[in-house]
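Reviewing the structure listed below.
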Amino acid sequence: MFALWRLGAFEVTWGPLETQPTKAGVERWRRRESVIREASRARGTCVASGSVSNPPSPPTTHTHPSASSVRAPLPCRHHRKRTYHDGVRGHGTRPRPERSVTWLSCDGCVSLEITALVSFREAVSHPMGFAPAAALLPLRLACPRRLADAGPMTFARSGDGAGLGKGGRMGSPQCPSSLPGNTGARHDHSVKRPGGDESGRSVNGAAPAPVPTKAPQRRQRRGPHDVEDEAWGLLRESVVNYCGSPVGTIAACDPNDASPLNYDQVFIRDFVPSGVAFLLKGEYEIVRNFILHTLQLQSWEKTMDCHSPGQGLMPASFKVRVIPLDGDDDATEEVLDPDFGEAAIGRVAPVDSGLWWIILLRAYGKCSGDLSVQERIDVQTGIKMIVKLCLADGFDMFPTLLVTDGSCMIDRRMGIHGHPLEIQALFYSALLCAREMLTPEDGSADLIRALNSRLIALSFHIREYYWLDKRKLNEIYRYKTEEYSYDAVNKFNIYPDQIPPWLVEWIPPKGGYFIGNLQPAHMDFRFFSLGNLWSIVSSLATSHQSNSVLDLVEAKWSDLVAEMPMKICYPALEDQEWKFITGSDPKNTPWSYHNGGSWPTLLWQVYILQFYFICEEMFIGPT
């Protein structure tokens with residue numbers, strides 16, 4: 001998921017691959033800086049992007065003891081803003097929107113402020129853009145030459161006084177157990193809490209929702225920092241403790257819901273955005289505990305109707321339960337109760353849980369620098385079991401994973417059975433991460449060979465057959481059917497009559513996307529946001545396809561984003577189609593839930609994309 005980006009001596013941890021800046025890219029960056037500097041000096045003013053005004057103030061400056069002996073290979077000025085425009089380019093290159101990058105040197109670290117959302121071309125200036133949510137969030141990047149003296153790295157906003165430090169210095173990460181509302185001690189099960197069971201015991205170890213004591217006041221306009229603080233407060237309230245340590249966050253917290261079904265459990269896929277937030281905050285303990293405890297659940301024996309699935313299956317969710325000890329009614333203990341699908345609605349095993357687990361494990365090692373977790377014998381065994389389960393031989397002729405309906409984020413019947421794009425993008429990303437983490441030994445040589453072969457076949461299959469744009473649509477209209485030969489053009493026997501009427505007018509001349517599913521004589525032409533976004537994040541899509549997807553999102557902004565970002569799929573199933581495909585599911589009515597509903601959680605992947613395209617000029621992107 002995350003790649004290691006390097007700019008001279010300064011590092012940013014994102015991605016499963018490690019990339020190096022090209023010499024030509026560095027020289028191009030320096031020339032651009034020189035041209036802009038001369039132009040600014042001639043006009044007597046600074047060049048600004050105009051996308052965002054009043055950027056956050058720089059952090060407080062502290063003199064580093066070894067600062068005088070450190071030389072950065074790229075120009076760096078103390079608290080000086082550097083702005084470059086894509087207008088300063090060579091002839092014949094593709095024009096891009098303006099971007100503003102600020103480098104701030106402080107306490108042995110460098111702050112990169114992203115002040116333009118370049119993933120969606122003009123999104124910042126758009127009246128419904130993501131500027132308040134994503135574009136104003138700076139990243140604090142550490143200089144590795146000073147890391148030895150500076151201590152652990154933390155990420156924080158500019159101006160909040162957090163930075164690199166060791167011991168009691170500024171910027172040392174707080175342990176989740178020392179945070180307000182999280183005592184880190186065992187629960188007092190004798191106290192009745194809101195949301196608890198009938199016996200008064202706590203449910204899932206989550207902190208109770210605060211009871212309002214003051215009368216409601218008139219709502220005032222709040223700044224972005226107030227919203228962020230409130231979001232972190234809600235996230236910490238959802239933390240689940242097991243034996244005094246945080247192990248995850250519950251899927252949903254509604255104190256007024258008397259029957260939360262399984263929303264009070266810790267879901268593997270739902271914890272990934274929370275885990276990424278904790279990693280960027282420098283709070284690694286909860287992610288480490290989550291990885292190791294879910295790994296222990298992998299080895300549990302699970303059956304349904306006397307049948308057991310293959311080894312390596314990760315649970316969809318788990319819950320912390322308090323049970324009395326045998327022979328002593330007054331003493332209790334906490335246990336983890338996993339759900340592998342035998343209790344889920346529809347009884348569907350989660351295919352994406354193991355894939356998300358591998359991706360989060362790779363992200364933990366990259367962000368924390370703690371590679372001892374992925375090198376453990378039990379963790380290596382868990383990775384191999386998941387990969388072997390996914391690479392197991394079957395009857396399928398395609399390199400994609402064959403799954404049932406409801407086996408991923410869309411966990412209800414929505415007509416995605418077969419080879420859904422979301423599963424394939426996660427599958428590709430998990431294989432990349434597993435290849436980076438598997439230790440070379442005799443027992444894993446064959447597995448790594450099979451893994452590499454599958455990566456090549458999978459990337460070609462998705463890029464060639466799932467891609468749809470105007471040119472491809474015209475080809476499908478001219479397809480011949482019932483072709484029987486090795487060199488057939490219409491390999492999947494797609495009938496042109498199945499192209500929906502809305503697609504012809506909806507797809508823009510400039511842009512394209514990956515279709516939702518592909519099977520013999522069937523193409524699902526719906527746009528699925530998670531699958532397309534993750535195809536870009538994992539580099540499953542080519543550079544041209546990545547830009548085309550973003551061009552389509554920009555062109556169809558009102559359909560895919562609208563007022564509440566972001567639609568999980570488009571368009572929604574309606575009328576008879578909704579009845580036949582969903583089985584008249586009352587939760588998935590048109591434009592609700594999985595059927596075209598809005599999911600703001602997809603924005604965290606959008607933030608990864610904007611950083612990816614900012615670095616595109618000076619870096620060789622992952623391939």
Side-chain angles (χ1 to χ4, degrees), residues 172-211 229-255 257 260-298 300 314-325 330-339 353 356-357 360-361 364 367-368 370 373:
S172 56
Q174 277 187 294
C175 177
S177 60
S178 64
L179 297 171
N182 190 353
T183 60
R186 294 177 64 90
H187 300 292
D188 184 4
H189 305 297
S190 62
V191 180
K192 177 68 175 179
R193 300 183 179 181
D197 54 17
E198 297 178 356
S199 62
R201 296 165 180 161
S202 64
V203 176
N204 216 8
V211 180
D229 294 338
E230 181 183 358
W232 272 107
L234 294 173
L235 182 61
R236 298 192 193 285
E237 290 177 7
S238 66
V239 171
V240 174
N241 292 296
Y242 172 65
C243 297
S245 300
V247 293
T249 54
I250 59 176
C253 183
D254 185 2
D257 191 356
L261 297 177
N262 59 346
Y263 290 106
D264 61 344
Q265 299 187 19
V266 181
F267 278 77
I268 306 293
R269 70 175 72 94
D270 291 10
F271 177 73
V272 172
S274 302
V276 172
F278 284 119
L279 289 176
L280 295 179
K281 197 75 170 179
E283 301 175 8
Y284 307 130
E285 179 190 5
I286 184 172
V287 181
R288 184 179 188 274
N289 294 339
F290 173 84
I291 291 172
L292 295 180
H293 282 297
T294 49
L295 178 65
Q296 294 176 357
L297 300 177
Q298 182 191 35
W300 282 33
M314 297 293 288
S317 62
F318 64 87
K319 183 173 183 177
V320 178
R321 297 189 183 276
V322 181
I323 62 174
L325 290 175
D330 297 332
T332 60
E333 66 174 349
E334 293 180 342
V335 297
L336 295 180
D337 183 15
D339 177 20
S353 292
W356 279 122
W357 183 86
L360 186 61
L361 174 62
Y364 170 81
C367 289
S368 67
D370 180 15
V373 175

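The figures that follow rest on heavy atoms only: side chains count, while hydrogens, waters and symmetry mates do not. Here the structure is a predicted model, which means the values were calculated and not measured.
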*Quick one: sort the F318 and F290 rings into parallel, tilted or perpendicular, breaks at 30° and 60°.*
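Tilted, since the angle between the ring planes falls between 30° and 60°.
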Side chains of [X] and [Y]: closer than 4.5 Å at any heavy-atom pair?
X	Y	value
M314	L297	no
I250	Y263	no
Y284	D370	no
K281	W232	yes

Measuring from [X]:[atom1] to [Y]:[atom2], what's the distance to the nearest 0.5 Å?
X	Y	atom1	atom2	value
I323	T332	CD1	OG1	9.0 Å
L360	I268	CG	CD1	9.0 Å
S317	L336	OG	CG	11.5 Å
W356	D270	CH2	CG	10.0 Å

*Locate the shortest heavy-atom distance separating W357 from I291; write the atom from each residue and the value.*
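Smallest heavy-atom distance, with atoms named: NE1-O, 3.2 Å.
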*State, to 0.1 Å, how close P338 and P315 come at their nearest heavy-atom pair, and which atoms those are.*
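Smallest interatomic distance, heavy atoms only, reads CB-CB, 4.0 Å.
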Tell me, please, which residues at least two apart from [X] pass side chain to side chain contact (heavy atoms under 4.5 Å, CB included).
X	result
S274	L235, T249, F271, F278
N289	S245, P246, V247, E285, H293
N262	Q265, F267

_Under 3.5 Å donor-acceptor, E334 side chain and C243 backbone_ =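 Indeed, once roles are kept as given, a pair shorter than 3.5 Å links the two residues.
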*Tell me, please, which residues at least two apart from R269 pass side chain to side chain donor-acceptor pair (under 3.5 Å).*
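Listed in chain order: D352.
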